[in-house]
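Numbers here simply count residues along the sequence, with the first being 1.
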Amino acid sequence: MNGLTRVFLLAVALVGCHHPLEPWQEIDLSKAEKVEPSAQYVAWWSELEACSGLSGDIHAVAFYVVPNDSTIQVGSESYWGYWIKDGNRIVLAGAHAYSEKLVKHEEMHALLHSALHPPAYFNGPCGDLTYANEG
Ligand SMILES: [Zn+2]
């Protein structure tokens, strides 16, 4: 393999890993309503801070609820809730906006400021916050 071929293959590999759109850009927020975190959301956030050892300002998180919907469409995937890194936003389908597990799941993303699901935080001292189809 000569040098030119290697450079070409490297370029193809980089392009192949590049997603033209971040997932949040595919979320339709036109039906979403921005809400202030309820006393319940604040209480769940405080519980997560206590069990995880993390700390954060819940008022730095923008909460959105999509009324009357049971799922949020993100590209071709459906979710009950979704944390968006850009703007530190939590979007909840209305049907699940009162689910302790779901709200805590999304709040944990916001506390970690990460879309990953490290087991130490999602299935550890704070209980089982895992879902089969996670968002
Ligand atoms: Zn998640």
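To the nearest 0.5 Å, the span separating CD1 on Ile90 from CD on Glu106 amounts to 6.5 Å. Rounded to the nearest 0.5 Å, atoms CH2 (Trp44) and NZ (Lys101) are 13.5 Å apart. Rounding to the nearest 0.5 Å places OH of Tyr79 at 9.0 Å from CD1 of Ile27. Atoms CG and CG, from Leu102 and Leu129 in turn, are 10.0 Å apart once rounded to the nearest 0.5 Å. How far CE of Met108 is from CG of Leu48: 4.5 Å, rounded to the nearest 0.5 Å.
Two residues are said to be in side-chain contact when any heavy atoms from C-beta on lie closer than 4.5 Å; Pro118 and Leu112 meet this criterion. The closest side-chain heavy-atom distance from Leu111 to Tyr121 is not below 4.5 Å.
Sequence neighbours left out, the pairs with a member in residues 50-72 that pass ring-ring contact (aromatic ring centres under 6.0 Å, His included) are Tyr41-Phe63.
A donor atom on one side chain and an acceptor atom on the other are not found under 3.5 Å apart for Glu49 and Ser55.
Ring centroids of His113 and Trp83 are separated by less than 6.0 Å, placing the two rings close together.
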Fill in: Trace of the side chain to side chain contact (heavy atoms under 4.5 Å, CB included) decision for Leu92 with Val103
CA-CA 8 Å; Leu92 301 161; Val103 173; 4.1 Å; yes

Discussion item. Between Lys34 and Val65, does the side chain to side chain contact (heavy atoms under 4.5 Å, CB included) criterion hold? Intermediate values first, please.
Written reply: CA-CA 7 Å; Lys34 191 170 186 300; Val65 174; over 6 Å; no

Worksheet item: Between Glu100 and Gln40, is a side chain to side chain contact (heavy atoms under 4.5 Å, CB included) present by the stated rule, with each step listed?
Response: CA-CA 9 Å; Glu100 177 175 356; Gln40 182 67 82; over 6 Å; no

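Panel note: side chain His109, backbone Ser114; a donor-acceptor pair is recorded below 3.5 Å. Side chain of Glu107 to backbone of Trp45: a donor-acceptor contact under 3.5 angstrom is found.
For Trp80, the ring-ring contact (aromatic ring centres under 6.0 Å, His included) test picks out His96, Tyr131, with sequence neighbours left out. Partners of Glu33 by salt bridge (charged side-chain N to carboxylate O under 4.0 Å, His left out), not counting sequence neighbours: none found.
The local environment of CG in Asp57 is crowded, with over 12 non-hydrogen atoms from other residues, nucleotides or ligands closer than 6.0 Å.
Between Phe122 and His117, the two ring planes are perpendicular [angle over 60°; tilted spans 30° to 60°].
Closest non-hydrogen pair, Cys51 versus Pro125, comes out as O-CB, 3.5 Å. Looking at every heavy atom in both residues, Ala95 comes nearest to Ser70 through CB-CA, 3.8 Å.
One hydrophobic cluster, built from ILVMFWY side chains closer than 4.5 Å, cannot hold both Tyr98 and Ile72; they sit in different ones.
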